[in-house]
Amino acid sequence: MENVRVRFAPSPTGFLHIGGARTALFNWLFAKHEGGKFILRIEDTDTERSTSEYQMNILEDLRWLGLDWDEGPEVEGRFSPYLQSQRFSIYQSYIQRLLDSGQAYYCFCSMQELEKERFESEKKKLPYHYSKKCRTLSQQEIEHQMKNNVAFSIRIKVPNEGQLVIQDMIRGTVSFQWNDFDDFIVVRSQGGATYNLVVVIDDALMKISHVIRGEDHLSNTPKQILLYQALSFEVPRFAHIPLILGADKSRLSKRHGAVSIGEFRRQGYLPETMINYLAHLGWSMDGTTEVFSRETLVKHFSLTRVIKSAACFDYAKLQWLNGKYIREMDKDTFIHLGTAVLLEKNIISSEFIKNHENQVRKIMLIVKDHVKLISDIAHQTDYFFNPIENYNLELIEKFSNIEVTKRLEEFFDLILPMTSFDAAELEKSIRHLADQKKLKLADYVHPVRFALTGQLTSPGLFEVMEILGHDSCIDRITRLSNGLKTQMSAKK
RNA sequence: GACCCCAUCGUCUAGAGGCCUAGGACGCCGGGUUUUCAUCCCGGCAACACGGGUUCGACUCCCGUUGGGGUCGCCA
């Protein structure tokens, strides 16, 4: 395809959410696949609700996802600026053109009047339509109103009849009847062009070839096509992708769980996971492949394989995918991410990392395959670096019996004289001990694991011991033994 | 309510008239490996919304019903 140019045009009135991220992804993938350009444009014409914080956030999240833009804020390009708030003057001449050609007209109806019209038709249970009474105002009437400084908006003359047929790349043929549409407003009475106008002007000026966006825009498309034609712009191709729903099939919202990219990032999801998951939500490569790299995605992505129906977001599958990516992750990358989490949560200091680099490495690698979210690393490694704060009371209760204390004592006696503390060696001696006492290995492992980690699950116990070291093991076993004994005597 | 879109296991999806006894994945259940958890490996449960057509034949095409979603702003 020649000169593919697509864009993602978020409005900075909130954080980048899952749906927006997927729209951005599909645009990005399409551009990369076709060898085209991906443009980022900020739609901040709603000055009331737009903030620069949100804008910064969106850019940051897009970069985190690796969805870099060829043109847009901070990189600029042939069609700068890419913030609509800086393009107001550009829109002016096009508004004039619409007025001059008679395709748009001044409307002096006040909000109150319109409200009344709306109320009246609601009372009669009729679908509301603007009366179009300003459409036929004479030149004198217009001048008269202007002279009196009556506030006006500008409306587009929508054809009274006929239909408009869209060839959507995903949905196929979609047709609308013009008489279902109102003469919509393109310039507010306070001044300022509205979304439908600016989106068309910008897409045309920025030479956007394909408009790929959420299905919620499908109903707006006829209005926009009308504007393209009114301004003699070339109409781009449209592709409306299905929306993302929550588990209950209602629109995805906070009550379903995390919805913004930032939240997922903070929870410990990887950008690769998000990309992979989002790509497969509404698109498939072949029906069997579940895990695809960015390169594979770029190579195979096509709008023709985007499904038409809305998809429910599945947190469980997302988590599974994240675990898979973590397991397959390069060791150094994992260590890097893991230590960052530990630093952030104040589990270790950067001093400590400097002085114990090898130990930190070892600990990271030992938990790598157990982690589903990067943030899990914190509670899965805390006991290596810090003393166990308090043993869980319920578990203390569970382990409070004579058998357990006996096992701990035997174990203690076994390791006390040891001079080397190697995982393989430890395993050999402990197996030997169990055999001797005619017990299962697990009879020793479970109480000791609890003593050393304060948890019921951990990576291989012998490796844990090797890392903790002789003295620390002795201390913790002593501490738990004493704790259990106290508990048992208190019960008597 | 009007208009538009959609409809395969609980969820994500494959399926473009006979390849379907409907495939894969997550989840779930059972089993194996492991000192525990996770991993890994086996196995299992589970779907074409409904009703009419068209056709020798329909998950696939058409119509209707139902259900879900979207849009009806001087928001984007």
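The analysis underlying the following values was restricted to heavy atoms, covering all of them including side chains, and did not include hydrogens, waters or symmetry mates. Labels below follow one simple rule: chain letters A, B, ... track the order of the sequence lines, proteins then strands, and each chain is numbered from 1.
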inquiry  = A cation-pi test, strictly: NZ or CZ of Arg22(A) under 6.0 Å from the centre of the six-membered ring of Phe26(A) and no more than 45 degrees from its axis. Yes or no?
reply    = yes
ask   = Do we see a donor-acceptor contact under 3.5 Å between the side chains of Ser110(A) and Glu113(A)?
value = yes
message = Strictly below 4.0 Å, N to O, side chains only: are Arg118(A) and Glu115(A) in salt-bridge contact?
response = yes
inquiry  = Under 3.5 Å, is there any donor-acceptor pair linking the side chain of Thr194(A) to the base of C74(B)?
reply    = no
request  = Respond yes when some side-chain nitrogen or oxygen of Arg22(A) is under 4.0 Å from OP1 or OP2 of C12(B), and no when none is.
outcome  = no
message = Just checking Phe292(A) against Trp283(A), ring centres under 6.0 Å apart?
response = yes
inquiry  = My understanding is that a pair needs two contacts under 3.5 Å, Watson-Crick or G-U wobble. By that rule, which nucleotide pairs with A2(B)?
reply    = U71(B)
ask   = Taking only N and O in the side chain of Lys308(A), is any of them less than 4.0 Å away from OP1 or OP2 of C6(B)?
value = yes
N/O (side chain, Ser284(A)) to phosphate O (OP1/OP2, A14(B)) under 4.0 Å = yes
key: Length of the CE-P vector between Met285(A) and G15(B), whole Å   = 13 Å
query = So what does Glu290(A) touch, heavy atoms closer than 4.0 Å: a base, only the sugar-phosphate, or nothing?
reply = base
inquiry  = OP1 or OP2 of U11(B) versus the side-chain N and O atoms of Lys249(A): is any pair under 4.0 Å?
reply    = yes
ask   = If the C1' atom of C9(B) is compared with that of A22(B), how far apart are they to the nearest Å?
value = 10 Å
ask   = His217(A) near the nucleic acid: base, sugar-phosphate alone, or nothing, with a heavy-atom cut-off under 4.0 Å?
value = base
ask   = Is any side-chain N or O of Arg251(A) closer than 4.0 Å to OP1 or OP2 of G68(B)?
value = no
Six-ring centre of Tyr130(A), Arg155(A) cation under 6.0 angstrom, axis tolerance 45° = yes
ask   = Within the structure, does a side-chain N or O atom of Arg171(A) lie under 4.0 Å from either OP1 or OP2 of G69(B)?
value = no
task = Quickly work out the Gln177(A) CD to A2(B) P distance and round it to whole Å.
result = 16 Å
ask   = Side chain of Arg431(A), base of U35(B): donor and acceptor closer than 3.5 Å?
value = no
key: Under-4.0 Å side-chain N/O to phosphate OP1/OP2 contact, Thr289(A) with G24(B)   = no
